[in-house]
Amino acid sequence: MDSAVTGLLAAAIGVGGTLGSAWLTQRRGDAARREEWERLERTRTAELAAQRRQSDVTDRRAAYTVFNTAARHYLAALNDHAHVLLHPGAEDQDAALAAVDTARAEYRRRYAEAQMIVPDAVLAEVREVNTALGAIYGTLARLTRGVPRDGDELPAAQAGIRRGWQLLSRMRAAMRADLDVTGPSHGRDAPRPRSSP
């Protein structure tokens, strides 16, 4: 083989090696950028999911707070109205029922909101509270208007009110469990270290 051909062949191999090396470096760089982009995308997706979960918890906490407040206020108004019926003539029964209706309207608005946001396990408790409050309201309203049905008696309504407080307590426990705020606090109830003698 001629030395010129050998030199040309060596130069071609050198250029090919240089170009091949640049191509391999480019491919490795592309792969590294792709891996970095995928890692950033996974991180961003995880952060968005965490933000969404936190937002859901915040929304549920707010819904639970306003629903619990409205339910307690409604049940307290029903209780007050039962006391008015227990002592006829002491207070205006129609005015007392109007106060119940105001509390009921707010409660129903909050109940409709809760139906759209609370998980099924909590919603079952919320529905039970709603059913109980509706039954108490119906009994007291019919007694106030003088059109009672069979079984509409004030002692039964008062028993329903006592049960309503128990149902509210159970519902609140389900809400707190859903928010993961049950159990001892980390500060107050944590065991204290013993002091050395």
Side-chain angles (χ1 to χ4, degrees), residues 32-84 95-141 144 156-194:
R33 281 188 293 279
R34 189 171 39 257
E35 287 174 12
E36 178 65 14
W37 182 84
E38 289 171 356
R39 186 187 65 74
L40 290 172
E41 188 62 24
R42 284 191 304 270
T43 301
R44 188 182 71 79
T45 302
E47 287 173 354
L48 286 174
Q51 288 172 354
R52 195 173 304 120
R53 282 190 303 274
Q54 183 59 42
S55 177
D56 289 348
V57 167
T58 300
D59 291 347
R60 282 197 322 273
R61 179 179 289 122
Y64 290 167
T65 300
V66 295
F67 181 75
N68 182 55
T69 301
R72 290 175 60 81
H73 184 252
Y74 181 30
L75 186 55
L78 289 168
N79 188 52
D80 292 346
H81 186 60
H83 284 295
V84 168
L97 186 57
V100 169
D101 286 335
T102 300
R104 181 175 183 241
E106 176 65 11
Y107 164 81
R108 289 170 59 110
R109 189 166 70 85
R110 298 308 182 176
Y111 176 68
E113 290 172 358
Q115 286 178 308
M116 296 297 112
I117 198 167
V118 302
D120 292 342
V122 177
L123 188 57
E125 299 292 336
V126 168
R127 283 186 182 131
E128 192 167 354
V129 165
N130 185 60
T131 300
L133 295 179
I136 297 164
Y137 174 81
T139 299
L140 293 177
T144 301
Q158 290 173 313
I161 290 168
R162 285 190 298 277
R163 182 173 179 267
W165 288 116
Q166 293 169 348
L167 291 174
L168 278 177
S169 181
R170 197 170 78 192
M171 176 196 74
R172 197 168 38 258
M175 290 174 171
R176 289 175 54 80
D178 179 53
L179 294 174
D180 199 24
V181 294
T182 58
S185 69
H186 298 288
R188 274 186 312 160
D189 298 329
R192 294 183 181 184
R194 291 185 186 190

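This one's a predicted model, so the numbers in the text were calculated from it and none came from an experiment.
Remark: of the listed residues Thr144, Leu140, Leu78, Asp80, Leu78 is the sole one forming a side chain to side chain contact (heavy atoms under 4.5 Å, CB included) with Val100. Evaluated for a side chain to side chain contact (heavy atoms under 4.5 Å, CB included) with Tyr64, the options Asp178, Val126, Asp59 yield exactly one hit, Asp178.
We find the CG-CG distance between Leu168 and Asn68 to be 6.5 Å, quoted to the nearest 0.5 Å. Note that OH of Tyr74 and CG of Asp101 are 8.0 Å apart. Values are rounded to the nearest 0.5 Å. We find the CZ-CD1 distance between Phe67 and Ile117 to be 13.0 Å, quoted to the nearest 0.5 Å. With rounding to the nearest 0.5 Å, the separation of CZ in Arg172 from CD in Glu125 is 12.0 Å. In this structure, CD in Glu38 is found 10.5 Å from CD in Glu36, a value given to the nearest 0.5 Å. The CE atom of Met171 lies 14.0 Å from the CZ atom of Arg127; values are rounded to the nearest 0.5 Å.
In this structure Arg61 satisfies the salt bridge (Lys or Arg N to Asp or Glu O under 4.0 Å) test with no other residue, sequence neighbours excluded.
Ion pairing between Glu35 and Arg39 fails under the 4.0 Å rule for side-chain N and carboxylate O.
Taking each heavy atom of Ile161 and Ala82 in turn, the nearest pair found is CD1-CB, 3.8 Å. Across all non-hydrogen atoms, the minimal contact from Ala77 to Ala99 is CB-O, 4.5 Å.
Looking at Tyr107 and Asn130, their side chains come closer than 4.5 Å, going by heavy atoms from C-beta outward. Side-chain contact check for His73 versus Arg110: every heavy-atom pair is 4.5 Å or farther apart. Side-chain contact between Arg60 and Val118: absent, with no pair of heavy atoms (C-beta onward) separated by less than 4.5 Å. Proximity of Leu75 to Ile136: side-chain heavy atoms (C-beta onward) are separated by under 4.5 Å at one or more points.
Every pair passing side chain to side chain donor-acceptor pair (under 3.5 Å) that includes a residue from residues 159-169 is listed here, sequence neighbours excluded: Glu128-Arg163.
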